[in-house]
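Data first, discussion second: the structure below is written as structure tokens.
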There are 2 protein chains.
Amino acid sequence: MTNDTNVTQFTQKRDCSLCNLSEICLPEGLTPDEMGTLDSIIKRRKPKQKGEFIFRDGDTFTSLYAVRSGSVKTFATGNDGSTMVTGFHLSGEILGLEGINCKQHVGNAKALETTSICEIPFNQLSALGQDIPKLQQQVFRVLSNEIGQEQQVMLLLGKKSSEERIASFLLRLASRYHTRGFAAKEFNLSMSRSDIANYLGLAVETVSRIFTRLTKQGIVNINRKLVMINDESALRDIANEPQPDTDKKRTNS
Amino acid sequence: MTNDTNVTQFTQKRDCSLCNLSEICLPEGLTPDEMGTLDSIIKRRKPKQKGEFIFRDGDTFTSLYAVRSGSVKTFATGNDGSTMVTGFHLSGEILGLEGINCKQHVGNAKALETTSICEIPFNQLSALGQDIPKLQQQVFRVLSNEIGQEQQVMLLLGKKSSEERIASFLLRLASRYHTRGFAAKEFNLSMSRSDIANYLGLAVETVSRIFTRLTKQGIVNINRKLVMINDESALRDIANEPQPDTDKKRTNS
DNA sequence: AATGTTGATTGATCTATATCAAATATTTAT
DNA sequence: ATAAATATTTGATATAGATCAATCAACATT
């Protein structure tokens with residue numbers, strides 16, 4: 001269970017009153033008034049330290065969580081004790097959607113670094129959705145988006161080679177580091193190699209090997225936690241993903 | 001695009017006025033009145049023949065689809081022309097949730113056999129959700145459930161051996177054939193071996209081999225399309241899934 | 001600074017599963 | 001019914017990536 005009940009006890013980052021929610025949930029525009037109402041139900045929490053849990057498997061589901069800064073991993077614990085990373089969540093992303101269905105969280109969420117989190121009580125959000133159709137639509141959209149994201153990962157796990165997986169992973173991460181505008185050319189891996197390996201269904205050694213290989217080829221530059229993407233186009237080729245220019249060409253060779 | 005605009009042109013199965021929706025969406029109970037309103041927005045369609053599309057990648061998203069009888073596969077078409085099965089949908093299940101987010105379907109859905117489908121215009125459903133909180137909650141729940149399901153598949157694809165995948169697949173299928181009550185001991189595989197292989201991230205040959213192996217071991221009996229599960233417990237062992245009695249034992253060896 | 005601990009890299013094998021190839025079986029078309 | 005096309009099974013071989021093992025680098029503790 002989350003053990004901090006002290007809300008708004010710190011003052012930093014107050015500026016962003018919507019906890020980055022505006023970036024995820026509200027692009028289609030609510031009135032300032034509606035924004036205010038939404039804002040009023042969102043709780044700021046004391047930042048989580050590296051390794052701290054946001055929620056645990058089996059916790060009663062009450063809220064969604066929005067990552068303001070930092071990053072989070074979600075993972076399931078198999079019946080045989082094994083742990084399996086199901087996702088990484090960066091600044092501006094939403095957490096805990098799996099819990100809506102069964103009223104308790106299925107899976108754990110843990111901070112990968114010092115991480116600022118907002119809590120959005122789901123009952124209140126849902127009630128608010130009754131009054132503000134736009135908001136309800138946005139919540140639907142966030143859920144649907146998650147489904148789409150996961151299908152992408154299924155594809156990745158089901159049919160892609162280890163190299164393709166790593167390339168996809170890096171590209172996706174880069175694009176998520178700059179949601180708006182362009183993908184980051186340089187960013188930090190907040191998660192360990194073994195987290196990455198686990199998430200991608202690979203062995204740590206394989207991840208490491210491919211990181212060094214791609215670095216030697218000059219396509220990226222991965223040093224410890226720092227990733228720099230030198231040749232995005234080449235990386236996309238490896239990932240078998242279309243070039244952003246080649247956009248919607250479908251019926252080609 | 002779906003090309004049949006003739007609604008309610010046939011009379012069979014009229015009895016089930018909610019298109020099985022009651023099983024998925026409404027266990028928590030709406031008033032008969034609310035049920036009626038919901039019913040009024042649902043459109044019955046002419047049954048789809050084997051191979052017919054329910055929707056295609058890129059189609060504008062207008063509706064969710066509920067499978068009344070028969071079965072459907074959903075699949076994505078990669079930029080390289082490859083096709084990847086993302087799911088199977090049996091009677092009583094809902095289709096098209098991925099479309100909510102981007103207003104167009106991402107992926108295709110095709111009938112695996114003669115299949116009866118209901119169409120639920122999403123705008124109307126969403127509007128109805130504004131008035132009926134219970135309904136809105138249920139839609140949230142369906143979406144969240146889909147997320148949970150997909151995480152299960154991610155686990156399967158990421159960490160399980162071919163034998164574990166097949167065993168899991170069969171168990172899940174069996175349990176879905178009898179949503180209420182017990183899992184079916186016997187059922188029909190409406191999808192081809194290669195669909196199964198594709199879905200599970202395996203080669204057709206591997207699927208075939210494991211089917212025959214499991215049959216020789218007497219655990220199941222798979223003949224052509226007919227599956228009979230003789231030893232569910234053994235199958236669960238192979239799948240590394242907890243026995244239904246061993247229910248929620250977590251802190252054991 | 002020295003020492004221990006944990007995480008990352010690199011190399012050497014081994015194996016599960018893909019791939020290739022061919023034989024049956026089943027469905028569809030003529 | 002017969003033939004052609006397609007799907008499934010079975011066997012032989014190849015290989016991507018896991019596993020095992022050792023070293024190396026980073027960080028924490030005394």
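Residue numbers start from 1 in every chain, and the chains themselves are labelled A, B, ... in the order their sequence lines are given, proteins ahead of strands.
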- request: Would you please confirm or rule out a distance under 4.0 Å between OP1 or OP2 of D:dT8 and any side-chain N or O of B:Ser208?
  value: no
message: Assuming nearest nucleotide by heavy-atom distance, tell me which of B:Ser162 and B:Lys50 is located more 5' along DNA chain C.
response: B:Ser162
- request: Find the distance A:Leu157:CG to D:dG17:P and express it as a whole number of Å.
  value: 13 Å
message: Can you measure B:Ile222 atom CD1 to D:dA7 atom C1' for me and round it to whole angstrom units?
response: 16 Å
- request: Round to a whole Å and report the spacing from CZ of A:Arg213 to P of C:dT10.
  value: 12 Å
- prompt: What is the distance, rounded to the nearest whole Å, between atom CE of A:Met191 and atom P of C:dG7?
  reply: 15 Å
message: Both A:Glu205 and A:Arg224 contact DNA chain D. Taking the nearest nucleotide for each, which residue is further toward the 5' end?
response: A:Glu205
- prompt: Can you tell me if the side-chain N/O atoms of A:Ser161 get under 4.0 Å from OP1 or OP2 in D:dA16?
  reply: no
Under 3.5 Å: donor-acceptor pair, side chain of B:Glu119, backbone of B:Lys43: no
task: Send over the distance from B:Glu163 CD to C:dT15 C1', rounded to a whole Å.
output: 15 Å
message: OP1 or OP2 of C:dT17 versus the side-chain N and O atoms of B:Arg209: is any pair under 4.0 Å?
response: no
message: Just N and O in the side chain of B:Thr212: are any of them under 4.0 Å from OP1 or OP2 of D:dT9?
response: no
- prompt: Taking A:Gln243 for the side chain and A:Arg236 for the main chain, is one N or O donor matched with an acceptor at less than 3.5 Å?
  reply: no
message: Using whole Å, what does the distance between atom C1' of nucleotide C:dG7 and atom CZ of A:Phe211 come to?
response: 14 Å
field: Whole-Å distance separating the CG atom of B:Asn198 from the P atom of C:dA18
entry: 12 Å
query: With no hydrogens and no angle check, is any side-chain donor or acceptor of A:Tyr177 less than 3.5 Å from a backbone partner on A:Glu186?
result: no
query: With respect to the side chain of B:Lys225, which nucleotide from C:dT17, C:dT9, D:dT8 is positioned closest?
result: D:dT8
field: Separation of atom CG in B:Leu189 from atom P in C:dT26, rounded to whole Å
entry: 15 Å
message: So that I can tick it off, tell me whether B:Arg172 and B:Glu241 are bridged by a salt bridge, with the cut-off set at under 4.0 angstrom between side-chain N and carboxylate O.
response: no
query: Got a sec: does the NZ of B:Lys50 have more than 12 other heavy atoms crowding it under 6.0 Å?
result: no
